[in-house]
Novice: 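One structure follows; several queries about it will come next.
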Amino acid sequence: MGYQPITPFGRKVDAGLMKQRAQAQQGSDLPCPVTSVDKWEALRELSAARTAFGLSDRDMTVLQALISFHPKTVLEGDSVIVHPSNASISERLGGMPESTLRRHLSRLVAAGVLMRRDSPNGKRYARGKGDSRTAFGFDLAPLVRRHALHCAAAEELRAEAERVKRLRETVSLMRRDLAGLAEWGADQRPDLTLWDAFEDLALLTARALRRKLDEADLHGLAAQLSRALDQARNLLEPTEVTEETSDMSGTALQSERHYQNSNIDSSVLEPSIEKEEAAPEVAPSPPQVDQRPLPSVPLGLVLNVCPEIQGYLPDPIRHWHQLVNAADTLRPMMGISPSAWQEAQAHMGPEQAAVVLAAMLERMSDIKSPGGYLRALTDKAAAGAFSCGPMIMALMRKAA
């Protein structure tokens, strides 16, 4: 067709219409514009990014029907016109009323996804063949020109959805920890009145998680739960300085937060389930202080629920570094390889990894492969979706 009209058939020209046409042309001025695209890929990417362009799922269903009228799989060229009647589109949509269909078509045009190519009498048709072919109807060319924009918007929305998913998992784990600490704290310190407030916060968070929360709301809940967990831990595990802790040297204080590697004796003591390749000896590096926070559950609760690990040290366990040392001794006997243990400490922190081993020891008869089980939990910790609190709470409920 030698001339492309800009005025619609039977409707007035307004600023909105001119803006729609400018949106439909957007992307043609890029340095390397897309000249062809698979029509179903274009539909998938736009469907993923539809909210960014103000489109609904019903709008996308109508667009899918329109695309199906294009005989080729690839959309290419400056003019990709389909010319089905409203009755044909409605039939392909399972009998959608024409009034509803016209509304969705208008939304697609307003979003710049389609362009109308009106004939002199407003009908949709094609005539001629080859280069002399002329068609009037809906132009799908904006799907080609704006494909890069649609893909970028889709990737941004996917990334945001992934962030929200991980944050939601974190809030859910924190809520469960707070609920368990509130239950245990009410039993251990009934003289305090904060436990009811903590339990109420956990219940309100559970109710809020039933809704679809945005990222800002989830960050607010996470901050509120973090403050409550810190307060609960401080109440259940006061950090008072005793004679024993005041006499500890600087090296001992560091060992409380640092995992002492026992790989030297592992080749003799460990009937490992997982085979390790020999690695060259590396000169020992000076101990580093682990800056990760302590587990969300108090040490007293861990030892109360997991009494078996007490038997692996000659003296009673009173501090986190003693629990880590006990887990260090216990690890080869459970068939856990040095690499699995190191990865667990790297992603969970030494104290939380020790809590996991103590909990696993209580359920050794149910765990077929302790090394594989620990690696699965380590993968969750690496993704930020793990807390040892639910394991301890489950054992506490089982014991009760």
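Just so you know, residue 1 is the first one in the sequence shown, and it goes up from there. Predicted, not measured: the structure shown is a model, and the values here were computed from it.
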Novice: Working to the nearest 0.5 Å, report the span between CD1 of Ile317 and CG of Asn325.
Specialist: 9.0 Å
Novice: For the pair Arg117 (side chain) and Gly137 (backbone), establish whether a donor and an acceptor sit closer than 3.5 Å, ignoring hydrogens and angles.
Specialist: no
Novice: Do Ser339 and Arg375 have side-chain atoms, one donor and one acceptor, less than 3.5 Å apart?
Specialist: yes
Novice: Do Leu157 and Leu149 sit in the same hydrophobic cluster, where Ile, Leu, Val, Met, Phe, Trp and Tyr count as joined when their side-chain heavy atoms come under 4.5 Å apart?
Specialist: no
Novice: With sequence neighbours left out, what residues match Arg363 under salt bridge (charged side-chain N to carboxylate O under 4.0 Å, His left out)?
Specialist: none
Novice: Taking the side chain as everything from C-beta on, heavy atoms only, tell me whether Ile309 gets closer than 4.5 Å to Glu362.
Specialist: no
Novice: Quick check against the 3.5 Å criterion: does Gln322 have a side-chain atom that pairs as donor or acceptor with the backbone of His319?
Specialist: yes
Novice: Taking the side chain as every heavy atom from C-beta outward, state whether Trp341 and Thr378 have any pair of such atoms under 4.5 Å apart.
Specialist: no
Novice: Donor-acceptor pair, distance only, cut-off 3.5 Å: does the side chain of Arg124 make one with the backbone of Phe136?
Specialist: no
Novice: Counting C-beta onward and ignoring hydrogens, is there a side-chain heavy-atom pair between Val144 and Glu76 closer than 4.5 Å?
Specialist: no
Novice: Does the pair His83 and Phe69 meet the rule for a side chain to side chain contact (heavy atoms under 4.5 Å, CB included), with working shown?
Specialist: CA-CA 8 Å; His83 44 83; Phe69 284 99; over 6 Å; no
Novice: Any ion pair linking Arg227 and Asp230 (charged N to carboxylate O, less than 4.0 Å)?
Specialist: no
Novice: Do you know the tightest heavy-atom contact between Ala228 and Leu201?
Specialist: CB-CD2, 3.8 Å
Novice: How long is the gap from CD on Gln224 to OG1 on Thr205, to the nearest 0.5 Å?
Specialist: 6.5 Å
Novice: Can you find a heavy atom in the side chain of Val82 that is under 4.5 Å from one in the side chain of Asp139?
Specialist: no
Novice: Would you indicate whether Glu98, at its atom CD, is surrounded by more than 12 heavy atoms from other residues, nucleotides or ligands within a distance under 6.0 Å?
Specialist: yes
Novice: How about Leu75 and Ser36: do any of their side-chain heavy atoms sit closer than 4.5 Å?
Specialist: no
Novice: For Phe138, is the NZ or CZ atom of Arg116 found under 6.0 angstrom from the centre of its six-membered ring and inside 45 degrees of the ring axis?
Specialist: no
Novice: Quick check: is Leu374 connected to Met333 through a chain of hydrophobic side chains (ILVMFWY, heavy atoms under 4.5 Å apart)?
Specialist: yes
Novice: To the nearest 0.5 Å, how far apart are CG in Leu178 and CG in Leu229?
Specialist: 5.0 Å
Novice: Quick one: does Gln352's side chain have a donor or acceptor within less than 3.5 Å of a partner on Met348's backbone?
Specialist: yes
Novice: Can a donor-acceptor pair be found, under 3.5 Å and without considering hydrogens, that links the side chain of Ser90 to the backbone of Asn86?
Specialist: no
Novice: Any side-chain heavy atom of Cys306 within less than 4.5 Å of one from Leu361?
Specialist: no
Novice: Are any side-chain N or O atoms of Arg166 and backbone N or O atoms of Ala383, one a donor and one an acceptor, separated by less than 3.5 Å?
Specialist: yes
Novice: Closest heavy-atom contact between Ala154 and Ala48?
Specialist: CB-CB, 3.8 Å
Novice: Enter the distance from Met393:CE to Asp177:CG here, rounded to the nearest 0.5 Å.
Specialist: 6.0 Å
Novice: Closest heavy-atom contact between Gly185 and Trp195?
Specialist: O-NE1, 3.2 Å
Novice: For the pair Asp328 and Val324, evaluate side chain to side chain contact (heavy atoms under 4.5 Å, CB included) and give the outcome as yes or no after the intermediate values.
Specialist: CA-CA 6 Å; Asp328 226 4; Val324 174; 5.6 Å; no
Novice: Can you find a heavy atom in the side chain of Ser387 that is under 4.5 Å from one in the side chain of Met174?
Specialist: no
Novice: Give the minimum heavy-atom separation between Ala222 and Leu167, together with the two atoms involved.
Specialist: CB-CD1, 4.5 Å
Novice: How would you list all residue pairs meeting side-chain hydrogen bond (donor to acceptor under 3.5 Å, both in side chains) that involve residues 51-64, not counting sequence neighbours?
Specialist: Ser56-Asp59, Asp59-His104, Asp59-Arg107
Novice: I want to know whether His347 and Phe386 have ring centres closer than 6.0 Å.
Specialist: no
Novice: Same cluster or not: are Val356 and Met364 linked, directly or through other Ile, Leu, Val, Met, Phe, Trp or Tyr residues, by side-chain heavy atoms under 4.5 angstrom apart?
Specialist: yes
Novice: Going by the side-chain contact (heavy atoms from CB on, under 4.5 Å) test, name the single residue among Val62, Leu66, Thr100 that passes it with Leu93.
Specialist: Val62
Novice: Assess whether side chain to side chain contact (heavy atoms under 4.5 Å, CB included) is satisfied between Leu140 and Ile81, documenting all intermediate values.
Specialist: CA-CA 6 Å; Leu140 303 176; Ile81 298 176; over 6 Å; no
Novice: Closest approach of Arg92 and Ala65, non-hydrogen atoms and distance?
Specialist: CD-O, 4.2 Å
Novice: Between Val355 and Trp320, does the side chain to side chain contact (heavy atoms under 4.5 Å, CB included) criterion hold? Intermediate values first, please.
Specialist: CA-CA 10 Å; Val355 173; Trp320 282 111; 3.6 Å; yes
Novice: Looking at side-chain heavy atoms only, is the closest gap between Met396 and Glu183 below 4.5 Å?
Specialist: yes
Novice: Quick check for you: to the nearest 0.5 Å, what is the distance between Lys39 atom NZ and His70 atom NE2?
Specialist: 6.0 Å
Novice: Taking atom CZ of Arg146 and atom SG of Cys151, what is their separation to the nearest 0.5 Å?
Specialist: 12.5 Å
Novice: Please answer: with hydrophobic residues joined when any side-chain heavy atoms are less than 4.5 Å apart, are Trp40 and Leu63 in the same cluster?
Specialist: yes
Novice: Hey, are Arg158 and Glu45 close enough for a salt bridge, meaning a charged N less than 4.0 Å from a carboxylate O?
Specialist: yes
Novice: Using the rule that two of Ile, Leu, Val, Met, Phe, Trp, Tyr join whenever any of their side-chain heavy atoms come within less than 4.5 Å, decide whether Leu173 and Leu377 are in one cluster.
Specialist: no
Novice: Search all heavy atoms of Leu301 against all heavy atoms of Leu181 and return the closest pair with its distance.
Specialist: CD2-CD2, 4.3 Å
Novice: When the side chains of residues 207-218 are checked against the rest of the protein, which donor-acceptor pairs come out under 3.5 Å, sequence neighbours left out?
Specialist:
from	atom 1	to	atom 2	distance (Å)
Asp214	OD1	Ala216	N	3.4
Asp214	OD1	Asp217	N	2.8
Glu215	OE2	Arg163	NE	3.3

